[in-house]
Amino acid sequence: MTRPILWAHYAPSLFAHSTANTYRGRSMAAERYNAPEREQHWQSVWESRGAFRTTTDPAKPKCYVLEMFPYPSGRIHMGHVRNYTMGDVLARYKRARGFNVLHPMGWDAFGMPAENAAMERQTHPAKWTYANIAAMKAQLKSMGLAIDWTREFATCDPSYYRHQQRLFLDMYAKGLAYRRSSKVNWDPVDQTVLANEQVIDGRGWRSGALVEQRERLQWAFKITEFADDLIEALGTLDKWPEKVRVMQENWIGRSEGLLIRWALDGAAPNGATELEVFTTRPDTLYGASFLAIAPDHPLALAAAEANPAVAAFSEECRRMGTSLATIESAEKKGIDTGIVATHPLDPNWKLPVYVANFILMDYGTGAIFGCPAHDQRDIEFARAYGLPVVPVVAPTDAKARARAIAEIEAGTAYVDDGVMINSQFMDGLDVKAAFNAIADRLEKATLAGKPVAKRKINYRLRDWGISRQRYWGCPIPIIHCGDCGEVPVPVDQLPVKLPEDASFSEPGNPLDRHPTWRHVDCPKCGKPATRETDTMDTFVDSSWYFVRFTDPNADTPVDQAAADYWLPVDQYIGGIEHAILHLLYSRFFTRAMGVAGHLNPKLKEPFAALFTQGMVVHETYKSADGAWLLPTEVRFEGEGDTRRATEISTGKPAQIGSIEKMSKSKKNLVDPDDIIQHYGADCARWFMLSDSPPERDVIWTEAGVAGAGRFIQRLWRLLGEIETKAAPKGTARPAELGPEAMALRRATQKTLDTVGRNIEGLRFNVAVAQLYELSNEVSAALGKADAGLDWALREAVEHLVQMIGPMMPHLAEECWARLGYNTLLADQPWPQVEGALLVDDHVTIAVQVNGKRRDELTVARSAAKEEIEAAALKLESVVRAIEGRPVRKVIVVPQRIVNVVA
RNA sequence: GCGGACGUGGUGGAACUGGUAGACACACAGGACUUAAAAUCCUGAGACGGCAACGUCGUGUGGGUUCGAUUCCCACCGUCCGCACCA
């Protein structure tokens, strides 16, 4: 697939000696630019000079550019190349613009793959992880990223997680971390808790065992404490994609409603006297026809004890839980518990209480009142069990009302706005007024001495459970003592390190079965106690790493001065797959760290701007027998419709499949290493930036990379030609510049202006197009002669090289040296735009007749409306188009357009 | 079902706050150079009609607002993504 370019031997110029003279006098048939060789050279120059080391310096304006740090899987993939290239362009550009730029890199290094590798290959997770980090770091370095590597850290290192344990303890002290009983997916074979995404069709992804729901004491962070603020502050994130903000808002899921207590008749099990339900539609209370509770609701559990039929039904619901049946069985099912409730507005109105399969224990109170006429689920349920359906809301318009009622009778709930009917004192009120009327009334009414109802804001968001029963994660620094209960590990005993001699050969948590690790003395009373063996969710590690980068060597989790200076992150770049969890958790951590005294409480939001880049996609290939093939395993012939693929090893035809996200399973992978070795990092970077808008998917094609490679060689040849045609370095601007020279200068300045703005706006593909345009202009100008053109050429090429710098930094350094400089281009400021040259004194405007373009007109920029109108009407093409009709109106928008209405 | 985004040549895409649609690139065709090829350079190209000048049509479909709509509004079609018994 990747056809290696044959690099001609090209004597490397030593940096210190590479002046223009080194190149002068060489033949015009210049050598090809040897990217791989020169790239290594410049990387070592940057490294030896510490070119990208950053210090905290409040005297300078700062810019914090961050790409989501990688999981050390062992190899980088094209998605990384795209992500880190974008960040690097911005970081280098901002540096050139005079900003003190923080652009760090680290490793999201805890997590299951290391433990799985340990089980499969008998390597210790730490060994596996650090080996992967070393390999990936070398790959990232070969990309030539302007990263301050002195700030690098891995989250699995005790020097990092020690501080995370400190944060946990301080959050614990503030009540933001706590232990509660909650349901987990338990894999009985692997003896482990599974994340939801590890449960496939109700079975463990690894063992295939039927997953059980178990109650277990689990640590959690109180993210719900900030639910309102997390929604509220979304409004301030105007540099975040709308899409992400909407997803977060839905995820938090705020809804305003009413908690209503219903009295139960004496016969309820366990002596229960009331049932509390949550509703967002208290206005429909007169349409109620039943109550329904979740199978795990305490009242349902009590009813199950008394009634075997209820028990059997509840058990059935539990089994359905996570399986695919959830999706298939939209069918509403329930069982009457025999319990009877009294309507809060009418003591004589009795309603049955059902256990129903569509009620979730986790949402609201796990109990509802059913109003079939105005809720689709309730109407399905009511029709299945013969319960009454009474409309209480209807449109005002008579026709619409009749239709709505007919639909309700046919089984479709009416859920839109309207006015109240069949609702006594509320009749005629609109839905919102009815909500308030009934809320006011029920808040004043009492049941057993307490108000019947209270207003409640409910959230879909639940507290963040962080307990994981695994080895390769940050230990939770808590000790359990029989006498003292939960005891925090004293700060001076941190970190609680993972034991190195764990065994991974059997299922279950290695920390649990370690012979000695968990046994300690209670820090409070000194009696034998045990350590918490749960470790933290790896999302915790990534929820504050961007803070740690501001001073990765601080003795405390955060150095206040450094954090105050650098935060928030000015531009965060990563995949859309983290739109919800990672970003929400980081936003929570920023607030929680403020409360716990580790961040300035005024800092609410960690990421001022967010950009979500698209994926890298590629064609897929299958062999005759249906096996996926690597792109390197097929050969192509023909074009378009006649394009055919052949499997190289067998000579049999291969099938060309759809374009999909690069993945191991579909084998449509291109290895960044191969590309960098054959074409160079600059070529990969340039291709990643060209053509596709960064937020959309980019299709990786051989032709596209080759095209990028050709442009690199073209630029290199251009520099060769410039040597004889451009003015020498440092020549003063001549007093006289001819029209060609001026035109080139204008093009140069215009490009400078637009490329800068497009990089700032992350519209890299547009910036690339403009750089192509300028190089085309320069090429064209080479064949011309004009006063001062040699000077204008020099300016154009120097600026071109500087503008290419952030995108193809190695090539740009090489060109910069070839232009005669012995400074680093990476240290050069971005050229100042000469604003005066951005406006031409003549403009070409379109001339329309009745809205159709007929001609164009070049006039002085300052031309008066009347002048333009007169000139337009004289145009032969305009006269022809008017066909003698009277001119009714002429619209002249100066510098834009003329439209003749006839 | 709910929510969001997107629909422009053969392809990826560009077009500032409503003002010359198709920049730039890829692919393609013709030409130059070459013994030949590769590389490179030049030229062409939205569709249809025409030798040409030029004309007609054209930004998913159908309407609307406007002197003027890829851009704003309404309806529909299609594609993609997120959430989904959320009371």
Side-chain angles (χ1 to χ4, degrees), chain A residues 5-6 29 32 241-247 249-251 253-255 257-258 277-282 284 292 294 326-327 329-332 356-360 362-371 374-378 380-381 415 458-461 576-577 579-580 639-641 643 687 690-693 695-699 701-708 710-711 713-714 717 754 757 763 765-776 779 783 844-857 877 880-881 888-893 895-902:
Chain A
I5 288 179
L6 295 173
R32 295 176 66 79
E242 164 84 16
K243 180 161 78 158
V244 174
R245 283 181 293 168
V246 167
M247 280 162 74
E249 194 175 336
N250 292 342
W251 186 262
R254 181 190 145 107
S255 56
L258 207 60
V277 308
F278 175 73
T279 179
T280 56
R281 293 295 302 275
T284 63
T326 350
I327 306 148
S329 75
E331 197 188 340
K332 308 287 173 284
N357 65 349
F358 63 98
I359 308 301
L360 308 172
D362 302 320
Y363 191 78
T365 61
I368 61 141
F369 77 80
C371 175
H374 306 291
D375 184 291
Q376 192 54 37
R377 293 157 300 171
D378 295 350
E380 285 168 30
F381 190 79
V415 295
N458 196 52
Y459 299 94
R460 203 189 80 105
L461 180 71
I576 187 72
E577 66 273 19
I580 298 176
E639 296 292 340
D641 291 345
R643 186 159 167 269
F687 176 62
S690 327
D691 290 351
S692 287
E695 69 277 10
R696 282 198 219 165
D697 291 350
V698 61
I699 304 172
T701 60
E702 171 75 1
V705 192
R710 277 200 300 276
F711 179 64
Q713 298 303 337
R714 209 186 119 201
R717 282 194 307 274
T754 54
R757 280 190 284 124
R763 292 177 295 269
N765 57 321
V766 186
V768 163
Q770 285 156 347
L771 290 169
Y772 270 117
E773 239 169 314
L774 183 60
S775 10
N776 291 345
S779 297
T844 301
I845 60 177
V847 181
Q848 301 182 332
V849 176
N850 292 336
K852 270 183 195 163
R853 184 186 163 280
R854 292 295 166 180
D855 210 335
E856 57 185 31
L857 199 56
S877 49
R880 187 157 15 105
R888 284 189 288 149
K889 200 173 168 188
V890 181
I891 288 134
V892 181
V893 182
Q895 299 167 40
R896 283 268 159 83
I897 207 159
V898 181
N899 190 7
V900 179
V901 186

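Residue numbering restarts at 1 for every chain, and letters A, B, ... go by the order of the sequence lines.
- Within the structure, a side-chain polar atom (N or O) of A/R717 is placed less than 4.0 Å from OP1 or OP2 of B/rC41.
- Taking the side chain of A/R714 as heavy atoms from C-beta on, and the options B/rG55, B/rA84, B/rC41, the nearest nucleotide is B/rC41.
- Contact check, A/R710 against B/rA27: a side-chain N or O comes under 4.0 Å of OP1 or OP2.
- Between the side chain of A/D855 and the main chain of A/V847, no donor-acceptor pair closer than 3.5 Å is present.
- One atom, CH2 of A/W251, and another, C1' of B/rC83, lie 9 Å apart when rounded to the nearest Å.
- Taking atom C1' on both B/rG30 and B/rC48, the two are 22 Å apart, rounded to the nearest angstrom.
- Between the CZ atom of A/R281 and the C1' atom of B/rC86 there is a distance of 15 Å, given to the nearest Å.
- Place A/I845 and A/V901 on RNA chain B by their nearest nucleotides, and A/I845 ends up nearer the 5' end.
- Counting any heavy atom pair closer than 4.0 Å across all strands shown, A/N899 reaches a base atom.
- Atom CZ of A/R896 is separated from atom C1' of B/rG19 by 7 Å (rounded to the nearest Å).
- Comparing the P positions of B/rU20 and B/rA69 gives an interatomic distance of 12 Å, to the nearest angstrom.
- Heavy atoms only, all atoms of each residue included: A/H374 and A/V415 are closest at O-CG1, 3.6 Å.
- Look at the C1' atom in both B/rA23 and B/rA38: the space between them is 30 Å, to the nearest Å.
- For B/rC6 and B/rU71, the C1' atoms lie 15 Å apart once the distance is rounded to whole Å.
- Per the geometry, CG belonging to A/D697 stands 14 Å off C1' belonging to B/rG13, to the nearest Å.
- Where A/Y772 and A/S779 each meet RNA chain B at their nearest nucleotide, the meeting point lying more 5' is that of A/Y772.
- Contact record, A/I359 with A/G366: CG2-O, 3.4 Å, taken as the closest heavy-atom pair.
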Which string of ( ) [ ] | and . matches RNA chain B, if you list each base 5' to 3' and count Watson-Crick or G-U pairs only when both distances are under 3.5 Å? (((((((..(((......[....))).(((((.......))))).((((....))))..(((((..]....))))))))))))....
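- Phosphate contact (OP1/OP2 of B/rA87, side-chain N/O of A/Y363, threshold under 4.0 Å): present.
- Applying the 90° criterion around 0 to the glycosidic angle, B/rG9 comes out syn.
- Of all nucleotides listed (B/rC85, B/rG19, B/rA87), B/rC85 comes nearest to the side chain of A/F358.
- OP1 or OP2 of B/rC86 lies within a sub-4.0 Å distance of a side-chain N or O belonging to A/R377.
- Counting non-hydrogen atoms under 4.0 angstrom, A/I359 reaches a base of the nucleic acid.
- Applying the 4.0 Å criterion to OP1 and OP2 of B/rA84, one finds that A/N250 has every side-chain N and O outside that range.
- For a distance-only test at 3.5 Å, the side chain of A/K332 qualifies as a donor-acceptor partner of the base of B/rC85.
- One interatomic measurement links the two molecules: CD of A/Q848 to P of B/rG68, which rounds to 10 Å at whole-angstrom precision.
- For the atom pair A/L258 CG and A/N458 CG, the distance stands at 12.0 Å (nearest 0.5 Å).
- Contacts of A/E773 with the nucleic acid, taken as non-hydrogen atoms under 4.0 Å apart, involve only primed sugar atoms and P, OP1 or OP2.
- Distances were taken from every side-chain heavy atom of A/R854 (C-beta onward) to each of B/rG55, B/rC86, B/rU20; the shortest belongs to B/rG55.
- Close to B/rA87, at under 4.0 Å from its OP1 or OP2, lies no side-chain N or O of A/N458.
- Across all strands, A/S690 comes closer than 4.0 Å to no nucleic acid atom at all (heavy-atom distances).
- Among the protein residues, A/V893 comes within range of the nucleic acid bases, having at least one heavy atom under 4.0 Å from a base atom.
- Within 4.0 Å of A/R696, counting heavy atoms only, lie sugar-phosphate atoms of the nucleic acid but no base atom.
- A/N850 comes within contact range of no nucleotide atom at all, as no heavy-atom separation falls under 4.0 Å.
- Between A/I897 atom CD1 and B/rU66 atom C1' the separation is 13 Å, expressed in whole Å.
- Residue A/R254 is out of contact with every strand shown, counting any heavy-atom pair closer than 4.0 Å.
- A gap of 27 Å separates the C1' atoms of B/rU65 and B/rA14, to the nearest Å.
- Closest heavy-atom contact between A/G851 and A/N899: N-OD1, 3.0 Å.
- Here A/T844 lies in heavy-atom contact (under 4.0 Å) with a base.
- If you check the side chains of A/N850 and A/R888, you find no donor sitting under 3.5 Å from an acceptor.
- Across the P atoms, B/rU17 and B/rC67 are found 23 Å apart, a figure rounded to whole Å.
- Between A/E380 and A/R377 there is no salt bridge, since no side-chain nitrogen of the basic residue lies less than 4.0 Å from a carboxylate oxygen of the acidic one.
- Look at CG on A/D691: it is 5 Å from C1' on B/rG12, rounded to the nearest Å.
- Between A/R853 and B/rG19 there is no side-chain polar atom (N or O) within less than 4.0 angstrom of OP1 or OP2.
- Across the protein-nucleic acid pair, A/E695 atom CD and B/rG12 atom P stand 15 Å apart, rounded to whole Å.
- Shown here for A/G364 and A/F278, the closest heavy-atom pair between the two residues is CA-CB, 4.2 Å.
- Nearest nucleotide to the A/A769 side chain, out of B/rG19, B/rG4, B/rC24: B/rC24.
- The residue A/R763 sits apart from the nucleic acid: no heavy atom pair falls under 4.0 Å.
- A distance of about 14 Å separates the P atoms of B/rC16 and B/rA21, rounded to the whole Å.
- In this structure, A/S255 and A/Y363 approach most closely via the heavy-atom pair OG-OH, 3.1 Å.
- Between B/rC67 and A/K852, no contact under 4.0 Å exists linking OP1 or OP2 to a side-chain N or O.
- Between A/Y772 and A/F711, the ring planes lie tilted relative to each other; the angle falls in the 30° to 60° range.
- If you take atom P in B/rU59 and the same atom in B/rU70, they sit 7 Å apart, rounded to whole Å.
- The minimum heavy-atom distance linking A/R460 with A/N250 is given by the pair NE-O, 3.6 Å.
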